[in-house]
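Throughout, numbering of the chain's residues begins at 1 and tracks the sequence.
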Amino acid sequence: MLNPLILLNAESGAGLTERLTFFGRLYGLDSNPETGMWYLFITIFVLCAIVYQLGFARKVKLWQTVVIYILMFFGVIFLTFFGAFYPVAECLIVIAIILAGYRYRLHKERKEGNIAQPKGPPVK
C-alpha cells in the first residue's frame, strides 16, 4: 500500500536524516523505510482519531462512524507521506493536548453549573 522507497530513495545520505521529523527519526525511516512508514501511519491515524474524538465527534449512528473512520484512513495515507519530512504527528499531538485541555475546562464549567448542559434529541 505505502511505498516509501520512492519518497526516501530520492535523497540519500546524511541530508536525509537531518530532514526527517522526530517521529521519522524515531521510527528509522532512513534505515528501514517500509516498517518506519507503517509505524508513522499508525501513529498519525491514532492521533487523528484522538483529535477527532476530542474536538469534532458527535453522537451518530454506527454506520456513519464507520464511514468517517474509513475516510479518515484514506486521508491519513496522504498525511503519512507528508509526515516523513513535515511535523504532522507533532502538530497532532499539540492539537490533542489543546483539545484535551478545552474538554477538561468545559467539563469543569458544566459541573459547576456555569454552562448549561447541551440539549437535543437523542440519537438512536
Side-chain angles (χ1 to χ4, degrees):
M1 180 178 121
L2 300 175
N3 191 354
L5 300 176
I6 296 170
L7 175 70
L8 295 177
N9 283 338
E11 178 181 345
S12 60
L16 174 67
T17 305
E18 293 172 1
R19 290 187 57 213
L20 291 174
T21 62
F22 170 75
F23 283 101
R25 286 190 300 269
L26 179 69
Y27 296 144
L29 286 177
D30 52 347
S31 59
N32 191 0
E34 188 144 343
T35 305
M37 286 298 271
W38 280 108
Y39 288 148
L40 186 62
F41 173 78
I42 292 167
T43 301
I44 292 175
F45 184 78
V46 168
L47 288 171
C48 280
I50 290 170
V51 167
Y52 170 72
Q53 286 297 320
L54 285 174
F56 306 103
R58 305 240 181 215
K59 292 185 179 181
V60 294
K61 297 174 183 158
L62 178 64
W63 70 270
Q64 292 171 328
T65 304
V66 170
V67 169
I68 289 169
Y69 280 101
I70 288 172
L71 293 174
M72 186 186 302
F73 176 84
F74 289 115
V76 167
I77 291 172
F78 296 109
L79 286 178
T80 302
F81 289 117
F82 289 124
F85 298 110
Y86 296 111
V88 173
E90 292 84 350
C91 290
L92 286 169
I93 289 173
V94 171
I95 292 168
I97 290 170
I98 291 171
L99 287 174
Y102 167 75
R103 292 290 294 249
Y104 172 74
R105 187 71 189 256
L106 185 65
H107 172 72
K108 187 177 170 185
E109 292 289 325
R110 284 183 180 160
K111 188 176 179 183
E112 292 175 0
N114 296 336
I115 298 175
Q117 294 291 334
K119 293 186 171 73
V123 177
K124 296 179 182 178

Output the distance between atom [atom1] ([X]) and atom [atom2] ([Y]), rounded to the nearest 0.5 Å.
X	Y	atom1	atom2	answer
Trp38	Thr80	CH2	OG1	9.0 Å
Glu34	Tyr39	CD	OH	12.0 Å
Leu99	Leu106	CG	CG	11.5 Å
Phe82	Ile44	CZ	CD1	11.0 Å

Using the side-chain contact (heavy atoms from CB on, under 4.5 Å) criterion, which residues pair with [X]? Sequence neighbours excluded.
X	answer
Val94	Ile98
Tyr69	Phe45, Ala49, Tyr52, Gln53, Thr65, Met72
Leu47	Thr43, Ala89, Leu92, Ile93
Ile42	Val46

Query - Nearest non-hydrogen partners of Ala96 and Ile50, listed with the distance - result: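 Nearest pair, atom of Ala96 first, then Ile50: CB-CG2, 4.2 Å.
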**Report entry** Nearest heavy atoms of Leu29 and Gly36, plus distance in Å
**Finding:**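 That closest heavy-atom pairing would be CD2-C, 3.3 Å.
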Treating Ile, Leu, Val, Met, Phe, Trp and Tyr as nodes and any side-chain heavy-atom pair under 4.5 angstrom as an edge, say whether [X] and [Y] lie in one connected cluster.
X	Y	result
Ile70	Phe56	yes
Leu71	Val76	no
Val51	Phe78	no

Report task. For Glu109, check salt bridge (charged side-chain N to carboxylate O under 4.0 Å, His left out) against everything at least two apart and list the hits. Result ->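 Result, salt bridge (charged side-chain N to carboxylate O under 4.0 Å, His left out) vs Glu109: Arg105.
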Query raised in the report: Under a 4.5 Å cut-off applied to non-hydrogen side-chain atoms, are Met37 and Tyr27 in contact?
Result: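 Side chain of Met37 against side chain of Tyr27, heavy atoms only: no contact under 4.5 Å found.
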Requested in this report: Could you check whether the rings of Phe41 and Phe73 sit parallel, tilted or perpendicular, using 30° and 60° as the cut-offs?
Outcome: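 Phe41 vs Phe73 ring planes: perpendicular.
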Query raised in the report: Is it true that a side-chain atom of Glu90 and a backbone atom of Thr21 form a donor plus acceptor pair closer than 3.5 Å?
Result: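 Not a single qualifying donor-acceptor pair exists.
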Report task. Ignoring hydrogens and angles, tell me if any N or O in the side chain of Arg103 forms a donor-acceptor pair with the backbone of Leu54 under 3.5 Å. Result ->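 Side chain of Arg103 to backbone of Leu54: a pair is present.
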